[in-house]
Amino acid sequence: MESNLVVYNTLTRKKELFEPLNPPFVGMYVCGPTVYSDVHLGNCRTFISFDLMYRYLLHLGYKVRYVRNITDAGHLEGDRDEGDDKFSKKARLEKLEPMEIVQKYTIGFHDVMRLFNTLPPSVEPTATGHIAEQIEMVKEIIENGYAYESNGTIYFDVEKYSKEYNYTALTNRNIEELLANTRDLGGQDDKKGRLDFALWIKAKPEHIMRWPSPWGWGFPGWHIECSAMSSKYLGSTFDIHGGGMDLAATHHTNEIAQSQACHHSEPARYWLHTNMLTVNGTRMSKSAGNGFLPGELFTGSHPLLTRGYSPMTVRFFMLQAHYRSTLDFSNEALEASEKGFKRLMNACALLNKLKASEVTDVDINSIRTRCYEAMNDDFNSPVVIAELFEAARIINSINDGKSSVNAEGLESLKSLMNDFVFNVLGLKEETAETDDIGKLVGFIINLRLEARANKDYATSDRIRNGLQELGIQLKDSKEGTSWSKI
RNA sequence: GGUCGGAUGGCCGAGUGGCUAGGCAGAGGUCUGCAAAACCUCCUACAGCGGUUCGAAUCCGCUUCCGACCUCCA
């Protein structure tokens, strides 16, 4: 299988031709959410970005196994041995069992992902469902000499590892300086070096989420789950590993170290990182308290919003920016996206009503070519959208009788929009009109038509204005009156 | 402090050596009973200062400002 897809690889800080290990199969692992609270829009952006990539890879004909985990094991709030695990803390606050918390927010996450029209991953493994695999991996890392036990907790020995491997490959930082800082500040915990991180953590008496292990009762460190689950489902080396940029420095760096220490091979060949969603220029995050919840966005209940925006408006808004750029959130930007999205959807709807002519004076194939070029250039969805607006202009122009297409051109226009708007970008029409409403509106339109024929414009306008208030907009043209939801 | 990434027209955002996206907003026009939608036209920007070049928003250097990561976070 041949493709010209080029992706930006964080490992090399360059765009590289994407060549799967075993075409046509592609293995892609994306770090999923920690389900101890509602996902916010920043999380959603990442998953929408990877949904775009997943959809495009599928569109190109790859057989993709897309693995996205659910983190549901009790990781600590801080990096130290002190403090609660997030689930237990939340469980106490909500007076629930930790696994009730997990269930509640997992369902919430899935609901939101469905609203955003993301395709479900092929496998969605949970950390708690793979404790045995994690323990096995920790054992192997110990056997290979890259980890040590200290009071029932197992730490990864970063200093030792960094002598043989490039620990800072993803971030390009100077390991000597990092280690130097480490020793100065050392002293807390039972670690040898402060860069060392826990693979397995001994449970304190108050910890509810705990499992037996060769080192006593405990729970896995945060990073090991992704290493264990990605290698289980995708092999010790797979094609794409993705996640938010904030995970690169710590989580992904440690994942690479664990996998290398265990399997002696790079876990993934292409590391793809999505950029942050910002509010007033600052990163949206759980801890900063500036996170928008999807629900607040859809209903407009967030204090910073003047009104609500639909899931597809938000998806479209996000796809209008490249996944590696930061994207700033504002009312104005959302409003602009909402109008643009409707324009695109209206054009798609019009497409089914167009009639073919004998001649063609529009060029659809070059638009399609440019869409592929854009997607092949590191999934450049904003450029694809720009091209689709050009197609929308053509569709409207044909509808106005100012341009024409032959049957063949009309078909390629239809497949263009179907492929890119719906399949690749994953957008969908939200104003699914039921037959009943359609019949009702049709009946009212006919009544109004009679009024207009009698030049009774007062009645005609009253009907139009009334419908407008109910969210239905009438549009008069030579061919008759059409309508759409506002 | 270290590492990395930014600064694009009224706003949001692509691009990244010559052809100078796109959406929204704004102006004018066509159409229309009037609207709406649509179409056409206009508004043509790249933080500042130097340098390289026939040519730079795009490359190089400096300056200013902003952000992310280095601590849980997509």
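Labels below follow one simple rule: chain letters A, B, ... track the order of the sequence lines, proteins then strands, and each chain is numbered from 1. The structure presented is a predicted model; accordingly, all values stated were derived computationally and were not measured. Basis for what follows: all heavy atoms, side chains included, without hydrogens, waters or symmetry-related copies.
The CZ atom of Arg448(A) sits 13 Å away from the P atom of C34(B) (whole-angstrom rounding). One atom, CE of Met276(A), and another, C1' of C66(B), lie 17 Å apart when rounded to the nearest Å. If you measure from atom NZ of Lys342(A) to atom C1' of G22(B), you get 19 Å, rounded to the nearest angstrom. The CZ atom of Arg370(A) sits 10 Å away from the P atom of G22(B) (whole-angstrom rounding).
Residue-level contact check: Leu474(A) touches the bases, meaning some heavy atom is under 4.0 Å from a base atom. Contacts of Gly32(A) with the nucleic acid, taken as non-hydrogen atoms under 4.0 Å apart, involve only primed sugar atoms and P, OP1 or OP2. Using a 4.0 Å heavy-atom criterion, one finds that Lys475(A) contacts the bases of the nucleic acid, with or without backbone contacts as well. Residue contacts for Gly42(A): at a heavy-atom cut-off of 4.0 Å it reaches a base atom on one of the strands shown. Across all strands shown, Leu350(A) has no heavy atoms under 4.0 Å from either base or sugar-phosphate atoms. Within the 4.0 angstrom heavy-atom criterion, no nucleotide atom of any strand lies near His273(A).
In the interface, the side chain of Asp461(A) is paired with the base of G33(B) through a donor and an acceptor atom under 3.5 Å apart. Evaluation of atom-type donor-acceptor distances gives no pair under 3.5 Å for the side chain of Asn399(A) against the base of C39(B). If you check distances only, the side chain of Arg464(A) does reach the base of C34(B) with a donor-acceptor pair under 3.5 Å. No hydrogens or angles were tested; on distance alone, a donor-acceptor pair under 3.5 Å links the side chain of Ser460(A) to the base of G33(B).
C46(B) is unpaired under the criterion used here, namely a Watson-Crick or G-U wobble arrangement in which both key atom distances are under 3.5 Å. Of all nucleotides present, only G1(B) satisfies the Watson-Crick or G-U wobble test against C70(B), with each distance under 3.5 Å. With a 3.5 Å ceiling on both atom-pair distances, the Watson-Crick or G-U wobble partner of C11(B) is G23(B). Across all strands shown, U53(B) has no partner, as no Watson-Crick or G-U wobble contact with both distances under 3.5 Å is found.
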**OP:** Report the C-alpha distance between His273(A) and His252(A) in whole Å, list the side-chain angles of each, state the deciding distance to 0.1 Å, and finish with yes or no for ring-ring contact (aromatic ring centres under 6.0 Å, His included).
**Re:** CA-CA 10 Å; His273(A) 288 102; His252(A) 292 162; 4.9 Å; yes
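Comparing Ala336(A) and Gly244(A) by the nucleotide of RNA chain B that holds the closest heavy atom to each, the one mapping nearer the 5' end is Ala336(A). Annotation: of the two residues near RNA chain B, Glu387(A) and Thr171(A), the 5′-most nearest-nucleotide partner is Thr171(A).
Nucleotides G51(B) and U44(B) place their C1' atoms 27 Å apart, quoted to the nearest Å. Look at the C1' atom in both A45(B) and G2(B): the space between them is 35 Å, to the nearest Å.
Ring geometry for Phe109(A) against Phe47(A) counts as perpendicular: the plane angle is over 60°, on a 0 to 90° scale with 30° as the lower cut.
Within a 6.0 Å radius of CZ in Arg462(A), no more than 12 heavy atoms belonging to other residues, nucleotides or ligands are found.
Note that NE2 of His207(A) and CZ of Phe219(A) are 4.0 Å apart. Values are rounded to the nearest 0.5 Å.
For an aromatic pair to be called close, the ring centres must be under 6.0 Å apart, and Phe116(A) with Phe298(A) satisfies this.
Remark: of the listed residues Asp378(A), Asn380(A), Asn275(A), Asp378(A) is the sole one forming a side chain to side chain donor-acceptor pair (under 3.5 Å) with Arg324(A).
By the 5.5 angstrom centroid cut-off and the 30-degree plane limit, Phe389(A) is classified as not stacked against the base of G23(B).
Under 4.0 angstrom from either OP1 or OP2 of C70(B) there lies at least one side-chain N or O belonging to Thr250(A).
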